[in-house]
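Just so it is clear: chains get the letters A, B, ... in the order the sequence lines come, proteins before strands, and each one is counted from 1. From a predicted model like this one, the values you see are computed outputs, not experimental measurements.
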Amino acid sequence: DQQVKQNSPSLSVQEGRISILNCDYTNSMFDYFLWYKKYPAEGPTFLISISSIKDKNEDGRFTVFLNKSAKHLSLHIVPSQPGDSAVYFCAAPAYGSSNTGKLIFGQGTTLQVKP
Amino acid sequence: ETGVTQSPTHLIKTRGQQVTLRCSSQSGHNTVSWYQQALGQGPQFIFQYYREEENGRGNFPPRFSGLQFPNYSSELNVNALELDDSALYLCASSLKQRGGTDTQYFGPGTRLTVL
């Protein structure tokens, strides 16, 4: 039972353009979502999060959008840079925002930003 | 402030053996979670420890066990290794406080290969 799904294994964009990474979830009880970025030989690094009471959260070049009715969230990176090339995971805490220790991860999307 | 560290980096074991993986939490953190990441998949939650007590467990058999020490370092023990246990094992630490949302900080992982 995959509660968090990233259906695109990979994405390739040109430097300077927008990258859009998508994520779907099935559990309507999830109230908090996170995006992590992972480089090879490193652990996942927290990127940005969003609470279910919001539909958008922005941090510099990174914006996360949440559509609760569709159970869908997306991460926008504008403009994309070659250093953004990594695996991106969306995740939701199984126990809610007060305890993010048990994270349910999607399968990940590998982003390649071409110079 | 030191980050999350894990040892060893790589490990090769044979089926049926036992293995111990170690994690040193980020300074001041009181919670540690362990994840298993199979190739091409997102991390899967194994269990969480808070103040030396298990505080949540994922869908893993009892041969996966853990410890958290007073200095908040942690161990993951796996008995009777199976071929499917080959994966990247990640630990993540956080500071759990009353109310608020804690962010998980991941270590670089231990790559376990079972032959």
Side-chain angles (χ1 to χ4, degrees), chain A residues 1-10 21-27 30-54 57 59 75 86-110, chain B residues 3-6 9-10 21 23-26 29-51 53-60 66 68 74 87-111:
Chain A
D1 177 26
Q2 191 75 24
Q3 297 188 67
V4 178
K5 302 178 185 179
Q6 293 175 259
N7 293 318
S8 298
S10 63
L21 297 96
N22 294 303
C23 179
D24 297 295
Y25 62 96
T26 58
N27 190 336
F30 288 154
D31 65 354
Y32 190 67
F33 302 89
L34 307 93
W35 285 92
Y36 277 82
K37 178 171 72 173
K38 187 179 184 303
Y39 293 119
E42 295 183 14
T45 303
F46 170 73
L47 192 58
I48 192 170
S49 62
I50 187 167
S51 166
S52 61
I53 62 174
K54 295 184 175 182
N57 189 26
D59 184 1
L75 174 68
V87 180
Y88 289 79
F89 294 99
C90 70
Y95 302 139
S97 59
S98 62
N99 180 357
T100 62
K102 181 180 179 180
L103 291 172
I104 310 296
F105 282 88
Q107 306 94 312
T109 297
T110 300
Chain B
V4 179
T5 59
Q6 293 185 242
T9 306
H10 297 87
L21 310 182
C23 173
S24 179
S25 299
Q26 188 160 318
H29 286 183
N30 55 15
T31 302
V32 66
S33 299
W34 284 89
Y35 292 82
Q36 180 196 67
Q37 185 181 9
L39 204 59
Q41 300 296 316
Q44 286 203 12
F45 176 76
I46 302 175
F47 43 57
Q48 181 189 58
Y49 278 81
Y50 170 61
R51 293 185 175 178
E53 297 284 334
E54 187 177 292
N55 184 42
R57 188 177 184 91
N59 189 25
F60 281 81
Q68 186 184 29
S74 176
L88 179 69
Y89 288 85
L90 296 160
C91 77
S93 72
S94 68
L95 176 61
K96 185 175 174 58
Q97 297 174 303
R98 190 186 301 272
T101 301
D102 55 329
T103 298
Q104 302 293 311
Y105 294 88
F106 282 83
T110 294
R111 173 71 62 187

Quick one: sort the A:Phe105 and A:Phe89 rings into parallel, tilted or perpendicular, breaks at 30° and 60°. perpendicular
Greatest number of heavy atom pairs closer than 4.5 Å to chain A - which of B:Gly58, B:Gly42, B:Gly40: B:Gly42
Regarding B:Ser94 and B:Gln104, do their side chains bring together a donor and an acceptor under 3.5 Å, going by distance alone? yes
Measure distances from B:Gln41 to the heavy atoms of chain A and classify the residue's part below 4.5 Å as side chain, backbone, both or neither. both
Against chain B, label A:Tyr36 side chain, backbone, both or neither, depending on which of its atoms sit under 4.5 Å from a heavy atom there. side chain
Let's test your reading of the structure: which of B:Gln44, B:Arg111, B:Gln37 forms the most heavy-atom pairs below 4.5 Å with chain A? B:Gln37
Check salt bridge (Lys or Arg N to Asp or Glu O under 4.0 Å) between B:Glu54 and all other residues, then give those that pass, not counting sequence neighbours. B:Arg57
Among all residues two or more places apart in sequence or in another chain, which pass the side-chain contact (heavy atoms from CB on, under 4.5 Å) test with B:Gln68? B:Val32, B:Tyr49, B:Tyr72
Can you tell me how the ring of B:Phe106 sits relative to the ring of B:Tyr35, calling it parallel under 30°, perpendicular over 60° and tilted otherwise? tilted
Non-hydrogen atoms of chain A under 4.5 Å away: do they reach the side chain of B:Leu88, the backbone, both or neither? side chain
